[in-house]
Visitor: 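Structure below; questions to follow.
If you're wondering where the values come from, they're calculated on a predicted model, not measured in any experiment. Just so we're on the same page: letters track the sequence lines, and every chain starts at 1.
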Number of protein chains: 2
Amino acid sequence: MASVRKTDKRIEDEALVETPDLEEFIGYNLKRAYVIVQSDFRRTLGEDGFAPRVFSALSLVVQYPNVTSSGLARMLGIERSGLVAIVDELEGRGLLKRTNVPGDRRVQALVPTAKGKTAYAEARAAVRAHEDRLLSNLSDDEKATLMSLLGKIRATEA
Amino acid sequence: MASVRKTDKRIEDEALVETPDLEEFIGYNLKRAYVIVQSDFRRTLGEDGFAPRVFSALSLVVQYPNVTSSGLARMLGIERSGLVAIVDELEGRGLLKRTNVPGDRRVQALVPTAKGKTAYAEARAAVRAHEDRLLSNLSDDEKATLMSLLGKIRATEA
DNA sequence: CCCATATTGTTAATCTAGTAAACAGTTTAT
DNA sequence: ATAAACTGTTTACTAGATTAACAATATGGG
């Protein structure tokens, strides 16, 4: 036990210590779990893979072709100014196009390219694999329960 | 329905739209739920209340008096360099003291002040109230289940 | 006892994600 | 016609976090 001396009142393995006061809070557990899943996502998708938010944006563009930037921002729950860089990246990679909309010259409909659709399909499979592997100690039932409870939290926002 | 025109193929209320591909991922739901809880935490504790990470640090210092900065960082799962500002803030508010440790002149044990202990007790109550209110559509059973499932995710990290 | 190795707290530089405010152009509603 | 609202964007800023380096100190193996 490398770092422990006789006179040491400190805890042996601080990373595994129990923190009763904090662990009674949903928020704390939510954050810790989120950090774990997120960093595994990044690790799995790799250096020049999609960041989570870019993946999410691409997913919505593929599912809702002709969505606008504003609409996409609202779906993602972020400011539309924050979406510019994301759309820039996806357009720069040739995965979507900003296109004009006949009836309204303010908006630009976001349309996935063929390349964008296949890239999304692959990324989606990679993300599935990442979660299946990372969360292999949860049963399908447990995953479904977790989803539904997280959904209840999301439903508090309106 | 203000923003909808006859020719509009866009979705009426994008913020509430279903995003099937994304909602099948734990990570996405985890993040959305986390953002909701976190921002309600900040809103509830107010402008000059504790930020979540400061609250967590204070909690651990109160529960583990004489913990070191390094130990605290390990418990919180962050780099020790990142803890400096947090401890600075808590010490600046008079809620803890950096103290010398007789046996080891490298380390500084973090000791909560009396003020720190009472401030923590109050903050803890405020955080409890925030979660009770925000998550009032979850039963105690559901909260306990959620905790245990989040704990399973946290357990994947080791 | 010596020396390599490790640990502690800290600073500085950098990165990412996100917000807020302003903007010009455009559309809608009164 | 005019006020109000919406769109996409830029710019400036903030928060949170990481990495690398540092001096001071401590530990363990030979």
Side-chain angles (χ1 to χ4, degrees), chain A residues 1-8 10 14 31-32 34-36 38-39 41-43 47 50-57 66-74 76-91 96-110, chain B residues 1-8 10 12 14 31-32 34-36 38-39 41-43 47 49-57 66-74 76-91 96-110:
Chain A
M1 233 145 266
S3 74
V4 177
R5 289 153 302 161
K6 275 201 298 286
T7 57
D8 201 332
R10 282 177 285 158
E14 286 104 341
K31 168 152 194 183
R32 297 296 297 248
Y34 160 64
V35 166
I36 290 166
Q38 225 233 72
S39 73
F41 181 112
R42 292 176 191 278
R43 208 180 307 128
E47 199 65 17
F50 297 117
R53 65 198 200 130
V54 178
F55 172 76
S56 296
N66 293 303
V67 71
T68 64
S69 284
S70 289
L72 190 47
R74 279 189 289 268
L76 290 171
I78 64 176
E79 293 300 314
R80 62 196 198 284
S81 62
L83 206 74
V84 177
I86 298 173
V87 173
D88 282 351
E89 176 178 337
L90 288 170
E91 191 173 45
L96 62 77
K97 276 189 193 157
R98 289 165 157 113
T99 70
N100 291 334
V101 170
D104 190 337
R105 288 192 296 176
R106 290 171 303 181
V107 311
Q108 296 173 313
L110 304 176
Chain B
M1 236 145 264
S3 73
V4 176
R5 289 153 303 161
K6 275 201 298 287
T7 58
D8 201 332
R10 282 176 286 157
E12 281 107 76
E14 288 104 341
K31 168 152 194 182
R32 297 296 297 249
Y34 160 65
V35 166
I36 290 167
Q38 225 233 60
S39 73
F41 181 112
R42 292 175 192 279
R43 208 179 308 128
E47 199 65 17
F50 297 117
R53 65 198 200 128
V54 178
F55 172 76
S56 295
N66 293 303
V67 71
T68 66
S69 284
S70 290
L72 190 48
R74 278 189 290 269
L76 290 170
I78 64 176
E79 294 299 316
R80 62 196 198 285
S81 63
L83 207 74
V84 176
I86 299 173
V87 173
D88 282 352
E89 177 179 336
L90 288 169
E91 190 174 45
L96 63 77
K97 276 189 193 158
R98 289 166 158 110
T99 69
N100 291 334
V101 170
D104 190 335
R105 288 192 295 175
R106 290 172 303 181
V107 310
Q108 297 173 314
L110 303 175

Visitor: Check the phosphate of C/dT8 against B/T68, side-chain N and O only, distance under 4.0 Å to OP1 or OP2. Yes or no?
Guide: no
Visitor: Between B/R80 (CZ) and D/dT18 (P), how many Å, whole number?
Guide: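 Taking atom P of D/dT18 as the reference, CZ of B/R80 is at 12 Å.
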Visitor: Measure from CG on B/L72 to P on C/dT10 and round the result to the nearest Å.
Guide: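 Nearest whole value for this atom pair: 12 Å.
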Visitor: Just by modelled atom types, is the B/P52 backbone N or O under 3.5 Å from a matching donor or acceptor in the B/R42 side chain?
Guide: no
Visitor: Within the 4.0 Å limit for protein heavy atoms, which parts of nucleotides 13-20 of chain C are touched? Write it as a string from 5' to 3', B for base, S for sugar-phosphate only, - for none.
Guide: ----SSBB
Visitor: Let me test you: for the helix from C/dC1-D/dG30 to C/dT30-D/dA1, what is the angle between the axes at its two ends (five pairs each), rounded to 10 degrees?
Guide: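 Both end axes considered, the difference amounts to 30°.
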Visitor: Are any of B/R105's side-chain N or O atoms less than 4.0 Å away from OP1 or OP2 of D/dA23?
Guide: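 Indeed not, no polar side-chain atom of B/R105 lies that close.
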Visitor: Would you mind telling me which of B/D88, B/V87, B/I86 makes a side-chain contact (heavy atoms from CB on, under 4.5 Å) with B/L90?
Guide: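 Answer to the side-chain contact (heavy atoms from CB on, under 4.5 Å) test with B/L90 among B/D88, B/V87, B/I86: B/I86.
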Visitor: Can you check the A/L83 CG to D/dG8 P distance for me, whole Å?
Guide: 9 Å
Visitor: B/R106 has a side chain; which of C/dA6, C/dT26, D/dT9 sits nearest to it?
Guide: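 Nearest listed nucleotide: C/dA6.
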Visitor: Please report, rounded to the nearest Å, how far the C1' atom of C/dG25 is from the CG atom of A/D104.
Guide: 11 Å
Visitor: Between atom CG in B/L76 and atom C1' in D/dA17, what is the gap in whole Å?
Guide: 13 Å
Visitor: Whole-Å distance between D/dA17 P and A/R32 CZ?
Guide: 10 Å
Visitor: Taking CD from A/Q108 and P from D/dG8, how many angstroms apart are they, rounded to a whole number?
Guide: 7 Å
Visitor: Let me see the working for A/R74 and A/S70 under side-chain hydrogen bond (donor to acceptor under 3.5 Å, both in side chains), right down to the final yes or no.
Guide: CA-CA 6 Å; A/R74 279 189 289 268; A/S70 289; 4.8 Å; no
Visitor: Grab the CG-P distance between B/D88 and C/dG9 for me, whole Å please.
Guide: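 B/D88 atom CG is separated from C/dG9 atom P by 13 Å.
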